[in-house]
Amino acid sequence: QVQLVESGGGLVQAGGSLRLSCAASGRTFSNVAMGWFRQAPGKEREFVAAISWSGGITYYADSVKGRFTISRTNAKNTVYLQMNSLKPEDTAVYYCAADKHPYGSRQDHTYDYWGQGTQVTVFS
């Protein structure tokens, strides 16, 4: 079993920043890629960012590129999502997920473990 626990969500004004964290346990964290997804009310879950097992490869959705940064610290079994220049359209529940494979993907079906999510609300 793998447990993923997100933290760091909250209420922020447009233009502000938040840093999400996802602590993992139960699997060799350093062997797998990790991803962040989000789901806004009434919308489907969408890919946000992913990072390979070593941190050497990253992927971003076009909507967040240049504003969000994904990173990881394998020694702490933690992946982060630094979110800057937040916009109201970034409002969603953010989920971290553990991939089955080491290099990451934009496709949610490759991720086999998911956290409970953390709410991010951006007001203008």
Side-chain angles (χ1 to χ4, degrees):
Q1 291 291 332
V2 176
Q3 291 186 330
L4 301 174
V5 180
E6 302 98 336
S7 62
L11 184 67
V12 63
Q13 191 170 17
S17 299
L18 283 174
R19 188 195 197 201
L20 305 184
S21 299
C22 174
S25 62
R27 172 188 275 181
T28 305
F29 178 79
S30 58
N31 289 350
V32 299
M34 297 293 294
W36 286 96
F37 291 76
R38 67 186 182 186
Q39 187 167 21
K43 295 187 177 181
E44 293 187 354
R45 185 169 60 194
E46 65 174 358
F47 169 77
V48 176
I51 188 167
S52 64
W53 68 277
S54 68
I57 302 171
T58 56
Y59 311 82
Y60 295 95
D62 288 343
S63 59
V64 307
K65 199 173 296 183
R67 300 187 298 122
F68 291 11
T69 302
I70 189 171
S71 61
R72 65 190 296 161
T73 302
N74 287 345
K76 295 183 178 180
N77 285 1
T78 303
V79 63
Y80 306 95
L81 185 68
Q82 178 67 43
M83 306 186 295
N84 298 329
S85 301
L86 282 161
K87 304 175 181 180
E89 51 264 45
D90 294 318
T91 295
V93 177
Y94 283 71
Y95 300 90
C96 75
D99 201 337
K100 304 171 189 175
H101 308 298
Y103 294 106
S105 168
R106 300 171 185 269
Q107 308 298 320
D108 60 2
H109 64 82
T110 71
Y111 294 82
D112 54 354
Y113 289 99
W114 295 78
Q116 292 298 307
T118 185
Q119 176 70 47
V120 171
T121 303
V122 185
F123 64 94
S124 58

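Scope of the values below: all heavy atoms of this structure, side chains included, with no hydrogens, waters or symmetry mates.
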TODO: Using the rule that two of Ile, Leu, Val, Met, Phe, Trp, Tyr join whenever any of their side-chain heavy atoms come within less than 4.5 Å, decide whether F37 and L20 are in one cluster.
DONE: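 No, F37 and L20 fall in different hydrophobic clusters.
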
Open item on the list: Taking W36 as the starting point, is it possible to reach Y111 by hopping between hydrophobic residues whose side chains are less than 4.5 Å apart?
Closed with: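 Different clusters.
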
- [ ] Walk me through it: do M34 and F29 pass the test side-chain contact (heavy atoms from CB on, under 4.5 Å)?
- [x] CA-CA 9 Å; M34 297 293 294; F29 178 79; 3.7 Å; yes

Heavy atoms, side chains only, cut-off 4.5 Å: are [X] and [Y] in contact?
| X | Y | value |
| --- | --- | --- |
| W53 | V32 | no |
| W114 | D108 | yes |
| R38 | S63 | yes |
| V48 | M83 | no |
| E6 | Y94 | no |

Open item on the list: Donor-acceptor pair, distance only, cut-off 3.5 Å: does the side chain of Y80 make one with the backbone of T73?
Closed with: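 Absent.
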
Open item on the list: Main chain of G104, side chain of S52: is a donor-acceptor contact present, judged purely on distance under 3.5 Å?
Closed with: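 Not at all, since once roles are kept as given, no pair shorter than 3.5 Å links the two residues.
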
Counting only heavy atoms not in [X], do more than 12 fall under 6.0 Å of its [atom1]?
| X | atom1 | answer |
| --- | --- | --- |
| K100 | NZ | yes |
| E44 | CD | no |
| Q116 | CD | no |
| Q119 | CD | yes |

Task: Of N84, T118, V120, the residue whose pairing with L18 passes side-chain contact (heavy atoms from CB on, under 4.5 Å) - done: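 With L18 as partner, N84, T118, V120 yield a single side-chain contact (heavy atoms from CB on, under 4.5 Å), made by V120.
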
Task: Salt bridge present between K87 and D90 (N-O < 4.0 angstrom) - done: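 Salt bridge: no.
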
TODO: Would you check if the distance from the ring center of F47 to the ring center of Y59 is below 6.0 Å?
DONE: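 They do not qualify: ring centres at least 6.0 Å apart.
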
